[in-house]
Undergrad: 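Below are the C-alpha cells for one structure; questions will follow.
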Amino acid sequence: MGDNVVHLHKNPEPPTDTATVTSLSVVPEPAAAPVVPLWVRSGRAIKTGLTHERTKGAGRLTVRHTMYVVGGTRIVARRTWDGRTGSRYERMLRAAEAAGNYEVAQEWEERLQRFRDARHRRRMDLLHSPVDAAKGALVGTGMGIGGLVALGIVMAINNGNVADVITPLAATIEFIGLLIRIVQVVWGPTLTIGPFLALLALWAVGKQQQAAPQWALPANVRNGEGEPITPSIVVKALRDLGVPALRNAIKEMGDAGAAMLGPITIAGCGVEVDVTLPSGVSTIEVQNKRRKLAENLTRHEHEVFITIPQAARTVRLWIADSGALDEPIGPSPLVTDETMTADYAKGRAPWGQDLRGDAAALSLYQRHLLITGLSNQGKTVALRSLALWVALDKSVQFLMGDLKGVGDWAMFDGLASTLIQGPTDEHVIQVTEMVEGAVEEMNRRIQAPPGTVFPALIVLVDEAQVAFMCPAKDGEKRPYGGSKANSRYFMAVRKIHNQGRAVNVLMWQGTQDPTNENLPKLVREGAHTRASLALGTESQARMALGDKAVDGGAAPNLLRPGLDQGTLVVASSGIDIPQGQSSITVRTHYINDDCAQAITDRAKALRDGVPTLHAIEPGEERDPLADIAAVLGTSTRLLTQDVLKRLTALNADAYGKWSFVDLKRVLDGTGAEPYKSDGRMVIASDRLSRALAIRDAEGDGEGSASASK
C-alpha cells in the first residue's frame, strides 16, 4: 500500500480507503492568475494612451500649429530684415559670382550701392526731422487757431452775436475730446486682442508656407504627390540630398540657389531642368542619390531620370508628373494604319514614345541589333514589333530561330525563309546551321562584283542565351554553344557581326539576363543597336548597353520589373537621342498576337509566297569533281559559266548558289584548273578525267595500305 500512496504534501494525512488510495490519480490544481501590480497596469494604460492614433494625431496637430506661428515669425522677420538691409542684394551678388556670371554680379552691386545711398539720405533726414516737425507743429497750430478765430468773427458779424467768435474753436475742442474718449474705450480691448491678432497673422504666414516638420503636416500635404515642380522645390531637394559641399554652397547662396537652375521646361509627361553644380560637387554624387532626390521632389524613384549633358558640372533632371509613367501609351501605328509600308534603307520603325511623349522611331539600316532584359518584361514583343515593321518591305528576307518555342513567332510562317521553333538542343543545332548558312550567303555576296546591291537578310534568334549555353557537340567534338574559338554558334554570329552589314546580312538577337556565360562580350559589343529592359544589377546594365551609356546615366537596372514592362533603355545611332546624352528611354507599343498576325498577313500579300523551312536537313553528300565531270559529258572543254548552269540543273540545293570562285576552289590543286581559251575561261574534260584517275588511284593505295596493316 505504501508504494501506491502519492505524497502531495510534506505530511499528508493517510487515506481511509485502501482502494481509493490505490486508484488515486494526481489532478493538478489550476494555477492562480498572476497578480499584476497596479503600477504595471497604469504604465501599460499610459503607453496605450500615448501610442494611440488619436493621441498621435493630437500631438501632430499641436506641433503643426505651433510651428506655423514660429515659422511665420521667422519668415516675417526675414522679410523685414531683407526690406531694411541690403542682405537680399548681397545674396544675389554672391549667387551671380558663384555661377561665374560677372555681368549680373556687377548689376546687383550697382543696385546695392543705390540702396545704400538712399538709406543714407533717409538717415540724414531723420536727424533734422524733430526740429522741422516742431516748427511745422507750431506754425500749423497757430494757423489753425487763427483760422478758427477768424471763422468765429465772421459768424459773429453775420449773426450779430459776439459769443459766436469762439463757437468754431469750442466745436474743435469738443471733437478732440470725443476722439480721446473713443481711444480710451477702444485702447483696453485693443491691447488685449492685438497680440492674438498678431499671432493669427503669423500663423497664417506659416501655414501658407507650410513652415512645420514634414511628419507634422497633414497626410495630403505630407505626401505631396502631384505637386508642381518649381525652382524652390528643386533647390530644396538638392540641398537635402546629403552632399555637404552642395548643401554648404546652396546655404551661402541663400534663396538665390535657383541660380544653379536652367529654365524648367515642359517635356512630355513631365518637366526637364539643367542643374549647374557648384565647384567641388561632382555629377556622380547626384546620380548616386537618385532615390533620395526623387523622394525630396515628392516623386517615386522611377519618375526621376538623371542624365549628363555636354556642359561641364551639369546634370539634367527629367521629372515625370506623378503617376504619368504608369499610364499606357497608345497603340502602334502598325495597328491603326493598315496602309503603312516600310522602307528598310530610308525608313524608321515606329517603336513607341520617349519620356517626353514624342514618337520614338528606330532606323534598322545595316545595324546589328541586341535586346536584353529579365524574363517576362516584353523583350519578344519589342523585338517582334521591329520585325513586323520591316516585313512590310517586300525586299527583306528573314531567317528566324525561336528558342523559346511557344508560338511567339508563328505568324512569320510563310514570311520567313526559315522558321525554327523549340528550346531543345536539337533546335539549337538547327538554328546554328541556319546562322552558318547565312554566313555562307554573306561570303557569296562579298565575292560578288563591286557595286552589287543585295536585299536585306535578317537573321533573327530569340532567346539566344539558349544557343550560347547549349552543351551539345558535333561529330568533330566542336561545341555548338560556348564562347571559344571552336564554338559554332558563337563563331557564326561573330562572322556576321564582322562583315555582314556591308552586304545587308544582319544579326538580331534577343536574350535574357545578360552574363558573360550566356552573352559573350564580343557578341554584345558587335551590335550597333543595344537595348535593355529591366535588369537586376548595374553590372548587367553595363553588359547590356556598355560602359559609356551607363556612365552617361542609362540605368535599366532601376526600371521596375513587372511594372515597367515594355520600357527600354536604348543606345544606338539609329534613334534620335537628345544632345549630350548617350541613351534614351523608350516606352514601346504593345502589339498582341492577333494584331501581329494581321500585320504579317499584309506583309505576305506584298510577296508572291515564301516557302518556309521548319528544319535544316543535312545536305546530300556530293562529289563535286565527279559532278563536274558528269556535266562535261562528251565535251572536250566547256565554258565555266555553262558548267555552273549545268551543275545548278543537276542539283540546285548543292550548286544553286555556286559562283566562279566556288568552282575554282574545288578544282585548285587537281591539275584541272580553269584556264583561258580565246579570252574565255573554260574547263578541259581530259584534265578533269586525269585528276579523277589520280585521286582514285591514291584512294586505292590508301585502302591497300590500311588492309595490309
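Just so it is clear, the model here is predicted, and its values are computed rather than measured. We're numbering straight along the sequence, starting at 1.
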Undergrad: Other residues, nucleotides and ligands only: do more than 12 of their heavy atoms fall within 6.0 Å of CZ on Arg291?
TA: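 Not buried by this count: 12 neighbours or fewer within 6.0 Å.
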Undergrad: Check Asn296 against Ala237 and note the closest heavy-atom contact, atom names and distance.
TA: ND2-O, 3.1 Å
Undergrad: Using modelled atom types only, decide if a donor and an acceptor are shared between the side chain of Thr432 and the backbone of Gln430 within a distance under 3.5 Å.
TA: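 No; zero donor-acceptor contacts below 3.5 Å.
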Undergrad: Does Ala267 offer a backbone N or O that forms a donor-acceptor pair with the side chain of Trp318 under 3.5 Å?
TA: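 Yes, Trp318 side chain to Ala267 backbone: donor-acceptor pair under 3.5 Å.
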Undergrad: May I ask you to check whether over 12 heavy atoms, not counting those of Glu525, lie within 6.0 Å of atom CD?
TA: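 Yes, enclosed.
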Undergrad: Roughly how far, to the nearest 0.5 Å, is the NE2 atom of His427 from the SG atom of Cys470?
TA: 12.0 Å
Undergrad: Going from CE on Met543 to OG on Ser532, what distance comes out if it is rounded to the nearest 0.5 angstrom?
TA: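 These two atoms lie 12.0 Å from each other.
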Undergrad: In terms of heavy-atom contacts, does CD1 of Ile266 have more than 12 from other residues, nucleotides or ligands at under 6.0 Å?
TA: no
Undergrad: Taking Lys484's backbone N and O only, do any of them form a donor-acceptor pair with Ser487's side chain (distance below 3.5 Å, no angle check)?
TA: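 No; zero donor-acceptor contacts below 3.5 Å.
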Undergrad: Are Val439 and Val505 close enough that some pair of their side-chain heavy atoms sits under 4.5 Å apart?
TA: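 The answer is no; the side chains never approach within 4.5 Å.
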Undergrad: Determine whether Asn557 and Thr537 make a side-chain contact, defined as any pair of heavy atoms from C-beta on separated by less than 4.5 Å.
TA: no
Undergrad: Rounded to the nearest 0.5 Å, what separates atom CG in Leu519 from atom CZ in Arg524?
TA: 6.0 Å
Undergrad: Over all heavy atoms of both residues, which pair between Cys269 and Leu355 is shortest? Give the atoms and the distance, please.
TA: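 That closest heavy-atom pairing would be SG-O, 3.5 Å.
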Undergrad: Which residues pass the ring pair (Phe, Tyr, Trp, His ring centres under 6.0 Å) test with Phe305, sequence neighbours left out?
TA: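 Phe305: no ring pair (Phe, Tyr, Trp, His ring centres under 6.0 Å) contacts found.
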Undergrad: Any donor and acceptor pair, going by atom type alone, linking the side chain of Thr588 with main-chain N or O of Gly566 inside 3.5 Å?
TA: yes
Undergrad: What is the ring orientation for Phe398 with Phe412, classed by angle as parallel under 30°, tilted 30 to 60°, or perpendicular over 60°?
TA: perpendicular
Undergrad: If you measure from CZ on Arg384 to CH2 on Trp508, what distance do you get to the nearest 0.5 Å?
TA: 13.5 Å
Undergrad: Could you check if a side-chain atom of Lys477 sits within less than 4.5 angstrom of a side-chain atom of Asn486, using non-hydrogen atoms only?
TA: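 Sidechains of Asn486 and Lys477: no contact.
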Undergrad: Between Gln353 and Asp358, do the side chains contain a donor N or O and an acceptor N or O under 3.5 Å apart?
TA: no
Undergrad: Indicate the atoms forming the closest heavy-atom contact of Val234 with Leu261, along with that distance.
TA: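 That closest heavy-atom pairing would be CG1-CD2, 3.8 Å.
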Undergrad: Would you call Asp408 and Lys379 a salt bridge, taking side-chain N to carboxylate O under 4.0 Å as the test?
TA: no
Undergrad: Using only atom types and a distance under 3.5 Å, with no angle test, would you say the side chain of His589 pairs donor to acceptor with the backbone of Gly330?
TA: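 Checked: pair present.
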Undergrad: Counting N and O atoms only, with roles assigned by atom type, does the side chain of Arg299 sit under 3.5 Å from a partner on the main chain of Ile319, one being a donor and the other an acceptor?
TA: no
Undergrad: Heavy-atom count check: over 12 atoms from other residues, nucleotides or ligands less than 6.0 Å from Lys473 NZ?
TA: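 Check fails, neighbour count at 12 or below.
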Undergrad: Mind checking whether Leu568 and Trp351 have side chains closer than 4.5 Å, heavy atoms only?
TA: yes
Undergrad: Does Asn248 use its side chain to pair, donor to acceptor, with the backbone of Pro244 at less than 3.5 Å?
TA: yes
Undergrad: Kindly indicate whether the side chain of Leu533, heavy atoms from C-beta on, has any atom under 4.5 Å from the side chain of Gln565.
TA: no
Undergrad: What is the distance from atom CG of Leu415 to atom CZ of Arg602, rounded to the nearest 0.5 Å?
TA: 12.0 Å
Undergrad: Check Arg367 against Ser573 and note the closest heavy-atom contact, atom names and distance.
TA: NE-OG, 3.3 Å
Undergrad: Decide side chain to side chain contact (heavy atoms under 4.5 Å, CB included) for Val586 and Leu362; before the verdict, give the C-alpha distance in whole Å, the side-chain angles of both, and the deciding distance to 0.1 Å.
TA: CA-CA 11 Å; Val586 176; Leu362 180 68; over 6 Å; no
Undergrad: Do Thr380 and Asp462 meet the criterion of a side-chain donor-acceptor pair at a distance under 3.5 Å?
TA: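 Yes.
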Undergrad: What residues form a side chain to side chain donor-acceptor pair (under 3.5 Å) with Arg542, not counting sequence neighbours?
TA: Glu538, Asp547, Asp551
Undergrad: Are side-chain heavy atoms of Leu246 and Pro278 found at a separation under 4.5 Å?
TA: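 In contact.
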Undergrad: More than 12 non-hydrogen atoms from neighbouring residues, nucleotides or ligands closer than 6.0 Å to NZ on Lys394, yes or no?
TA: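 Counting other residues, nucleotides and ligands, NZ of Lys394 stays at 12 neighbours or fewer.
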Undergrad: Has the side chain of Thr612 got a donor or acceptor atom that lies under 3.5 Å from a matching backbone atom of Ala416?
TA: yes
Undergrad: Quick one: are Thr600 and Leu388 in side-chain contact, heavy atoms under 4.5 Å?
TA: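 Touching, per the 4.5 Å side-chain cut-off.
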Undergrad: Here's a test for you: under side-chain hydrogen bond (donor to acceptor under 3.5 Å, both in side chains), which of Thr515, Thr511, Asn518, Asp513 qualifies with Gln465?
TA: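 For Gln465, the side-chain hydrogen bond (donor to acceptor under 3.5 Å, both in side chains) check succeeds only for Thr511.
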Undergrad: Any chance you could measure Ile591, atom CD1, to Ile599, atom CD1, to the nearest 0.5 Å?
TA: 4.5 Å
Undergrad: On a heavy-atom basis, which atom in Ala555 and which in Arg290 lie closest, and how many Å separate them?
TA: CB-NH1, 4.3 Å
Undergrad: Give a yes or no on whether the backbone of Tyr344 and the side-chain of Asp393 come within a donor-acceptor separation of less than 3.5 Å.
TA: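 A pair under 3.5 Å: yes.
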Undergrad: Can you name the closest pair of heavy atoms from Leu386 and Ala349 and give their distance?
TA: CD2-CB, 3.7 Å
Undergrad: Is there a side-chain contact between His368 and Leu506 (heavy atoms, below 4.5 Å)?
TA: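 Of all side-chain heavy-atom pairs linking Leu506 with His368, at least one is under 4.5 Å.
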Undergrad: Please step through side chain to side chain contact (heavy atoms under 4.5 Å, CB included) for the pair Asp240 and Lys292, ending with a clear verdict.
TA: CA-CA 9 Å; Asp240 297 338; Lys292 191 169 186 179; 5.8 Å; no
Undergrad: With no hydrogens and no angle check, just 3.5 Å: does a side-chain donor-acceptor pair link Gln597 and Asp601?
TA: yes
Undergrad: Glu272 and Thr265: side-chain donor and acceptor closer than 3.5 Å?
TA: no
Undergrad: Check whether Arg348 reaches the backbone of Gly574 with its side chain - one donor and one acceptor, N or O, closer than 3.5 Å.
TA: yes
Undergrad: Given side chain to side chain contact (heavy atoms under 4.5 Å, CB included), test Leu334 with Trp389 step by step and report yes or no.
TA: CA-CA 7 Å; Leu334 291 172; Trp389 176 80; 3.8 Å; yes
Undergrad: Apply side chain to side chain contact (heavy atoms under 4.5 Å, CB included) to the pair Leu293 and Leu317, showing each step before the final yes or no.
TA: CA-CA 10 Å; Leu293 177 61; Leu317 307 181; 3.9 Å; yes
Undergrad: Tell me whether Glu441 is salt-bridged to Arg445, with the criterion being a basic N under 4.0 Å from an acidic carboxylate O.
TA: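 So Glu441 pairs with Arg445 through a salt bridge.
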Undergrad: May I ask you to decide whether Lys495 forms a salt bridge with Glu436, counting only side-chain N to carboxylate O separations under 4.0 Å?
TA: no
